[in-house]
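Side-chain atoms are counted along with the backbone in the values below, which use heavy atoms only and exclude waters and symmetry mates.
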Amino acid sequence: MELAFEKGFGLVDRLVGAPEQSLDLSICENAGSRDRAFFVFLPPPCGEGKGLRRRHVDVDSSAADIPGMAVLLLGSTGFIGPRIVHALEALGVEVVAASRGGHGPNAVALDRGDVAQVRALVRERRIHAVVDLLAFTEADTLPLLDALDGQVERWVMASSCDVYRNYEGLQRKAGPDPLLEPATEASPLRTTRHPYRTAPPRARDATEAWMDDYDKIPLEEALRARPGLSGVILRLPMVFGPGDRQQRFRWITAPMQAGKAQLAVNSAWAGWRTTYGYVDDVAHALAAASRHPAAAGRTFNLGELNAPDHMTWIGRFAGVLGWRGDVVEAPATDPLAALDLSYPMVCDTSAFRNACGWREPTAPEEALLRTAADEQRRQGSNA
C-alpha cells in the first residue's frame with residue numbers, strides 16, 4: 001500500500017501548494033500504488049549519482065549464517081522489495097522473489113492468498129525463511145502463518161511504528177498523554193484498532209477496501225503466538241529515498257532545486273520529530289534480520305538512531321544542495337491541520353543495532369543527494 005507513509009508519512013508532498021487530500025498517517029510497508037495519502041515505510045532501485053561515494057558495511061560475521069538458507073520474499077516489486085533482493089544477494093543468500101506478476105530478478109509469480117501454492121513453492125525451493133512485506137490484514141496473513149508454521153525456520157514481518165500509542169494521538173483517534181521520549185519496543189501500543197477504517201466502511205469491491213481491516217498489532221500478536229516460526233518483527237519508520245511514491249521530502253527539495261529564495265513551512269511541522277529511514281538501509285536491515293541468530297523471536301524498531309526535527313532536515317538538504325534561502329512561516333493547511341503534532345513519532349532504534357551488530361550501509365550525505373537527485377529527475381519528467 002503506498003503505506004508508509006506507503007502508508008505512512010506521505011503527507012509532506014502536499015505541504016506546499018499541493019491539492020488537499022485526506023491524510024492517513026501510518027508507518028508500514030510496500031503495497032504498490034493503492035493509496036496516496038498515507039505514511040508508510042518502504043524502498044526501490046536507485047542510480048549511482050555522479051561522484052557519490054558508497055560505504056559498504058558487512059553484517060557482523062557473528063550475525064552470520066543460517067547455512068544453505070533460501071529466502072522467500074513476499075512483495076518483491078514495490079519500493080523496498082527490489083532492494084531487499086539486492087541486499088540478500090550481496091550476503092550470498094539465494095532469493096526467491098515473489099509477486100503477483102512475477103517480475104524482476106529471481107522472480108516467481110505467486111498469489112499469497114493461495115496457501116497451497118505457497119506451501120508447494122516452499123517445499124520445492126527449500127525455503128528456510130520468509131520476509132513478508134505484505135502483511136496488512138488478518139485475512140491475508142493468518143492463513144499463511146498457519147500453513148507454514150513448522151515448514152520454515154524464520155518469518156520476518158515488516159510491521160510499522162504506527163502500532164505505538166502516540167500514533168492514535170497524532171491522528172486524533174484518541175487522547176493519550178503524549179510519550180515524549182523515543183518509543184522503545186516495550187512502549188504502550190494503540191488502544192484503538194484499524195487506524196484506516198472509515199465510517200461507513202468502504203465498498204467491498206473498492207480498491208482500498210482492504211484498508212478497513214489493516215492493523216499491524218493483531219498480526220504481530222499472531223506471529224508471536226507461533227514460536228515455531230521464530231518470528232522477527234521489524235517496525236518500520238518513514239522510509240524515504242529514490243522511488244518513494246510519497247515523495248516525503250519533496251516539500252524541502254523542490255523549492256531549493258527551483259532556486260526559490262524562501263521555503264514556506266508551518267512552524268509546528270518544522271518542529272515535529274519522527275523517525276525516518278533511507279530505503280537502502282531499511283532493506284539491508286530486513287535482509288540482515290532474516291539470517292542473524294540474535295534476531296529470532298524478537299521485535300525491533302528500525303530507522304535512524306537520533307531522529308531530529310524537520311527544521312534539521314531542512315538544514316541537511318540545504319547543506320548538500322548549497323541552498324542559502326530563508327525559511328518562513330506558512331499556515332497549517334489540510335492535511336497537516338488534521339494532525340496533533342504534539343505527539344512525536346520518534347522510535348528508539350538501538351536494540352536492533354546492539355543485537356545484530358548492524359548500522360546503516362549508506363553514508364548520510366549520499367542518501368540525501370540520491371533522494372534530491374531523484375526528485376529533480378521526476379520534476380524534469382513531469383515538466
Do H310 and Y276 have a side chain donor and acceptor closer than 3.5 Å? yes
Within the side chain of R123, is there an N or O that forms a donor-acceptor pair under 3.5 Å with the backbone of Q151? no
So does L339 get a backbone contact from the side chain of R172, meaning a donor-acceptor N/O pair under 3.5 Å? yes
Please walk me through it: do H194 and K173 pass side-chain contact (heavy atoms from CB on, under 4.5 Å)? CA-CA 11 Å; H194 305 110; K173 300 279 188 176; over 6 Å; no
Output for pair (M157 CE, L223 CG), nearest 0.5 Å, gives 4.5 Å
Mark yes when over 12 heavy atoms from residues, nucleotides or ligands other than E181 sit less than 6.0 Å from its CD; otherwise mark no. no
Are any of the side-chain heavy atoms of Q262 and V327 separated by less than 4.5 Å? no
How are the rings of W269 and W272 set to each other: parallel, tilted or perpendicular (split at 30° and 60°)? parallel
So, for G150 and L229, which heavy atoms are closest and what is the spacing to 0.1 Å? N-CD2, 4.4 Å
Can you name the residues that form a salt bridge (charged side-chain N to carboxylate O under 4.0 Å, His left out) with E185, not counting sequence neighbours? none
Please give me the minimum heavy-atom distance between E138 and P143, naming the atom from each residue. O-CD, 3.7 Å
Checking the side chain of S76 only, and the main-chain atoms of A98 only, is there a donor and an acceptor separated by less than 3.5 Å? yes
Hydrophobic cluster identity match, V71 and L302, side-chain contacts under 4.5 Å: yes
For the residue pair T191 and P176, establish whether any side-chain heavy-atom pair is separated by less than 4.5 Å. no
Are W155 and L148 side-chain neighbours, meaning at least one heavy-atom pair lies under 4.5 Å? yes
When rounded to the nearest 0.5 Å, the distance separating CZ of R202 from CG of D213 is 10.0 Å
Verify whether the ring centers belonging to F240 and W313 lie closer than 6.0 Å. yes
Measure across A158 and L133 and return the closest heavy-atom pair with its distance rounded to 0.1 Å. CB-CD2, 3.9 Å
Got C347 and R235 here, is their nearest side-chain heavy-atom distance under 4.5 Å? no
Taking the side chain as everything from C-beta on, heavy atoms only, tell me whether S159 gets closer than 4.5 Å to F300. no
Could you tell me if N106 and E89 have a donor-acceptor pair between their side chains, going purely by distance under 3.5 Å? yes
Are D309 and T312 close enough that a side-chain donor and a side-chain acceptor fall under 3.5 Å? yes
Pair R370 + D374, salt bridge at N-O below 4.0 Å: no
Mind checking side chain to side chain contact (heavy atoms under 4.5 Å, CB included) for A199 and listing every partner two or more places apart, or none if nothing turns up? none
Report yes if some heavy atom in the side chain of L234 is under 4.5 Å from a heavy atom in the side chain of L286; otherwise report no. yes
Is there a donor-acceptor pair under 3.5 Å between the side chain of Q257 and the backbone N or O of A372? yes
Looking only at heavy atoms, which two atoms of F352 and A289 are closest? And how far apart? CE1-CB, 4.1 Å
How many angstroms lie between OG1 in T137 and CG in D215, if you round to the nearest 0.5 Å? 10.5 Å
Once you round to the nearest 0.5 Å, how far does CG of L179 lie from CZ of R165? 9.5 Å
So, taking the atom named CH2 in W251 and the one named CG in N266, what distance separates them when rounded to the nearest 0.5 Å? 10.0 Å
Test E94 against R126 for side-chain contact (heavy atoms from CB on, under 4.5 Å), laying out the working first. CA-CA 10 Å; E94 178 187 353; R126 301 175 64 85; over 6 Å; no
Checking N166 side chain against M345 main chain: does a donor-acceptor pair fall under 3.5 Å? no
Of the non-hydrogen atoms in Y164 and R190, which two are nearest, and what is the gap between them? O-CG, 3.4 Å
With a 4.0 Å cut-off on N to O distance, would you call R316 and E304 a salt bridge? yes
Does T253 form a side-chain hydrogen bond (donor to acceptor under 3.5 Å, both in side chains) with E375? I'd like the steps, not just the answer. CA-CA 7 Å; T253 62; E375 287 295 340; 4.7 Å; no
Joint hydrophobic cluster, V131 plus L134, side-chain heavy atoms closer than 4.5 Å: yes
side-chain contact (heavy atoms from CB on, under 4.5 Å) for C161 and T275? Distances and angles first, verdict last. CA-CA 9 Å; C161 293; T275 298; 5.8 Å; no
To check you understand the geometry: which heavy-atom pair defines the closest contact between V346 and A307, and what is its length? CG1-CB, 3.9 Å
With no hydrogens and no angle check, is any side-chain donor or acceptor of D281 less than 3.5 Å from a backbone partner on G277? no
For residues 141-150, which residue pairs qualify under salt bridge (charged side-chain N to carboxylate O under 4.0 Å, His left out), counting only residues two or more places apart or in two chains? D146-R226
Residue pair Y214 / D162, side-chain heavy-atom distance below 4.5 Å: yes
Criterion side-chain contact (heavy atoms from CB on, under 4.5 Å) on V156 and V130, from CA distance to verdict: CA-CA 6 Å; V156 180; V130 175; over 6 Å; no
Rounded to the nearest 0.5 Å, what separation is found between the OG1 atom of T198 and the CG atom of D212? 4.5 Å
Check the hydrophobic clustering (I, L, V, M, F, W, Y; side-chain heavy atoms under 4.5 Å; chains of links allowed) and say if V265 and W323 are grouped together. yes
R298 side chain near V232 side chain, heavy-atom distance below 4.5 Å: no
Can you tell me if T299 and R224 form a side-chain donor-acceptor pair at under 3.5 Å? yes
